[in-house]
Amino acid sequence: MGTRKGVIAILTGGGDVPGLNPAIRAVTIRALREGYRVIGLRRGWGGLLDVIREKDADNSNNFQELTEEIVNKAGRTGGTFLHTSRTNPSKVKKANVPEHLQDKFSDERNDLTPEVLKNLDFLGVDYLIPIGGDDTLSYGVRLYREGVKTVAIPKTMDNDVPGTDYCIGFSTCVTRTIALTNNLRTIAGSHERFLILEVFGRYAGFTAMLPTMAGAANRCVIPEFQFSIDHLTELLSYDRTRNPSRYSIVLVSEGAKFDGEMVFEGSATDAYGHAKLGGIGDLVAAKVKEASPKFNHGRTVDVVDQKLGYMVRGGDPDAIDSIVPMAFGNLALDLVLRGEHGRLIVLKNGQYDNMPLDVITATKKVVNVQQFYDTDRYRPIYENFELKPLFLMTSEG
């Protein structure tokens, strides 16, 4: 191996998706062969925050040395073997401050970034490679501005990290959504019902749009456009009447709205200020059933109501989420070897590339409603595909 070139630290933050382990594997194997030492930070920013800066301290729950044997074993599986959390070190609640730091930080919200920087120095980290969505990577931007050499890799099944057409996890999410919807359609058809499925998508409707475009559903409602329950019921009734099996399907993004407000499971918020979404599918199901007699000659249409949720993010990655993470990991190492940092690895217009990390906090990525969503028919627009990227509506131009 020769002389070690330095230390690279990898972490995964936010929600787990299939494809994280292949990305960790790609970074690690290439880095080791190039002469770097690689450590995996456990539980996203949480493990880095909890490090105890003492020579003989047990930090095994906070980071681990990565080897080819470890990453090869995990590299074909789903989830993240480094584990994950939604920790935001710049806004740590008093109750969540690590025990060994509680005498120094006692505000209701605490910025522990100075401790994070000291922990990175204690670990001897030369390059940091966070893998995450816009929340996780927004803190990566903060560390880069503090002087940490950072190269970021985008992942989120919502596919809404700005700057890139593709985020790790999206293809598997779409694949699972199509398969699960097709499984459930036999039940809806047998009972001549509406099938209402809640899918991921807080601010962006890509995970509802693409399966619908692929034929999994008749309609979809997305966060970018406020819909009408009556009009949705009318459309589903029309689809059901025209279907020889007498059923119809709508995909409902978890962030979709019909009365001006998102639907949350409770009032508690995560480290990035987001309340947990959930329940819009149940609410839509109840309202559509209630409205159905108006469009079905006075007779109620029953509903099959299912939240796909974690079923689409569990299990092994599909082909795209095995190939793209491999490429993203090696692209990150290309930048490290060139001494470049403050960059986001991207897939843009069918080509792998990188761009300034600041793009993550500079803009938002959502469905272009005017270009891709028919606001009268509540479904994607099926035209003008020429020169579009693989997933059609995911490019920002």
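Being a predicted model, the structure only gives us computed values, none of them experimental. All residue numbers refer to positions in the sequence shown, counting from 1.
Side-chain atoms of Thr67 come within 3.5 Å of backbone N or O of Ile70 as a donor-acceptor pair. Between the side chain of Asn59 and the backbone N or O of Ile52, at least one donor-acceptor pair lies under 3.5 Å. Of the possible donor and acceptor atoms, one in the side chain of Lys365 sits under 3.5 Å from a partner among the backbone N and O of Asn159. Judged purely by atom type and a 3.5 angstrom limit, Asp121 has no side-chain atom pairing as donor or acceptor with the backbone of Leu117. Formation of a donor-acceptor pair under 3.5 Å by the Thr207 side chain with backbone atoms of Asp158 is not found in this model. With hydrogens and angles ignored, the 3.5 Å screen pairs no side-chain donor or acceptor of Lys364 with any backbone N or O of Pro162. With Asp318 contributing its side chain and Ile320 its backbone, the two residues share a donor-acceptor pair below 3.5 Å. Between the Asp374 side chain and the Arg379 main chain, no donor and acceptor come within less than 3.5 Å of each other. Judged by distance alone, with hydrogens and angles left aside, the side-chain atoms of Glu224 form a donor-acceptor pair with the main-chain N or O of Gly205 at under 3.5 Å. Remark: side-chain polar atoms of His100 are paired, donor with acceptor, to backbone N or O of Val51 under 3.5 angstrom.
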Requested in this report: Please assess Phe372 against Ile381 for the test side-chain contact (heavy atoms from CB on, under 4.5 Å), listing each intermediate value before the final yes or no.
Outcome: CA-CA 5 Å; Phe372 295 113; Ile381 295 172; 5.6 Å; no
Report task. Quick one: do Leu20 and Ile131 satisfy side-chain contact (heavy atoms from CB on, under 4.5 Å)? Show the steps, please. Result -> CA-CA 8 Å; Leu20 289 171; Ile131 310 172; 3.6 Å; yes
Query raised in the report: Can Val366 and Asp160 be said to form a side-chain contact (heavy atoms from CB on, under 4.5 Å), step by step?
Result: CA-CA 6 Å; Val366 295; Asp160 61 353; over 6 Å; no
Query raised in the report: So Tyr247 and Val304, side-chain contact (heavy atoms from CB on, under 4.5 Å) or not? Walk me through it.
Result: CA-CA 10 Å; Tyr247 73 93; Val304 177; over 6 Å; no
**Report entry** Step-by-step ring-ring contact (aromatic ring centres under 6.0 Å, His included) determination, Phe391 to Phe206
**Finding:** CA-CA 9 Å; Phe391 288 101; Phe206 300 115; 10.0 Å; no
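Considering CD1 of Ile196 and NZ of Lys287, their distance stands at 13.0 Å, rounded to 0.5 Å. With rounding to the nearest 0.5 Å, the separation of CZ in Arg176 from CG in Asn183 is 12.0 Å. With rounding to the nearest 0.5 angstrom, the CG atom of Asn110 is 7.0 Å from the CZ atom of Phe105. Between atom NZ of residue Lys5 and atom CD of residue Glu34 there is a gap of 5.0 Å, rounded to the nearest 0.5 Å. Distance check, rounded to the nearest 0.5 Å: OG1 of Thr150 to CZ of Arg343 gives 13.0 Å. Lys93 NZ to Arg109 CZ: the interatomic distance, rounded to the nearest 0.5 Å, is 5.0 Å.
Checking Arg219, Arg185, Arg240, Arg193 one by one against Ile249, the side chain to side chain contact (heavy atoms under 4.5 Å, CB included) holds for a single residue, Arg185. Remark: of the listed residues Thr12, Asp50, Thr80, Asp50 is the sole one forming a side-chain hydrogen bond (donor to acceptor under 3.5 Å, both in side chains) with Arg43.
Atom CZ of Arg338 sits in a crowded spot, with more than 12 heavy atoms from other residues, nucleotides or ligands closer than 6.0 Å. More than 12 heavy atoms of other shown residues, nucleotides or ligands fall within 6.0 angstrom of atom CZ in Phe225. Heavy atoms from other residues, nucleotides or ligands lying under 6.0 Å from CD of Glu99 number 12 at most.
Scanning both residues, Asp316 and Gly78, for their nearest heavy atoms gives OD1-N, 3.6 Å. In terms of heavy-atom proximity, Leu236 sits nearest to Ser248 at O-OG, 2.8 Å. Between Leu195 and Thr181, the shortest heavy-atom contact is CD2-O, 4.2 Å. The nearest pair of heavy atoms linking Val199 to Ala208 is CG2-CB, 3.9 Å. Between Pro317 and Pro22, the closest heavy-atom pair is CG-CG, 4.2 Å. The minimum heavy-atom distance linking Ile168 with Ala23 is given by the pair CD1-CB, 4.0 Å.
With hydrogens and angles left out, the side-chain atoms of Asn21 and Thr77 include a donor and acceptor closer than 3.5 Å. For Asp321 and Thr172, the side-chain atoms include at least one donor-acceptor pair closer than 3.5 Å. In this model, no donor atom of one side chain and acceptor atom of the other lie less than 3.5 Å apart for Asn296 and Ser237. Side chains of Ser228 and Asp230: a donor-acceptor N/O pair is absent below 3.5 angstrom, by distance only. Between the side chains of Tyr139 and Thr113, a donor-acceptor pair is found at a separation under 3.5 Å.
Between Arg37 and Glu65 there is a salt bridge, since at least one side-chain N of the basic residue sits less than 4.0 Å from a carboxylate O of the acidic one. Between Asp334 and Arg30 a salt bridge is recorded (basic side-chain N to carboxylate O distance below 4.0 Å). Using a 4.0 Å cut-off between a side-chain N of Lys or Arg and a carboxylate O of Asp or Glu, Asp111 and Arg142 qualify as a salt bridge. No salt bridge links Glu69 with Lys73; every basic N to acidic carboxylate O contact stays at or beyond 4.0 Å. The existence of a salt bridge linking Asp165 and Lys348 is confirmed by a sub-4.0 Å separation between a basic side-chain nitrogen and an acidic carboxylate oxygen. Note on Glu115 versus Arg53: salt bridge recorded, some NZ/NE/NH1/NH2 to OD/OE distance being below 4.0 Å.
The shortest distance between side-chain heavy atoms of Val17 and Arg313 falls below 4.5 Å. Side-chain atoms of Asp134 and Thr156, non-hydrogen and from C-beta on, never get closer than 4.5 Å to each other. In this structure, the side chains of Leu331 and Asn354 stay at 4.5 Å or more apart for every pair of heavy atoms. In this structure the side chain of Val336 reaches within 4.5 angstrom of the side chain of Tyr36, judged on heavy atoms. Between Cys220 and Pro380 the shortest side-chain heavy-atom distance falls below 4.5 Å. Using a 4.5 Å heavy-atom cutoff, the side chains of Leu66 and Leu82 are in contact. A heavy-atom distance below 4.5 Å is not found between the side chains of Lys149 and Val125. A 4.5 Å side-chain heavy-atom check between Phe328 and Pro154 finds at least one atom pair inside the cut-off.
Each of Val288 and Phe295 belongs to its own hydrophobic cluster when Ile, Leu, Val, Met, Phe, Trp and Tyr are linked at side-chain heavy-atom distances under 4.5 angstrom.
The aromatic rings of His341 and Tyr127 sit perpendicular to each other, their planes meeting at more than 60°, with 30° as the lower class boundary.
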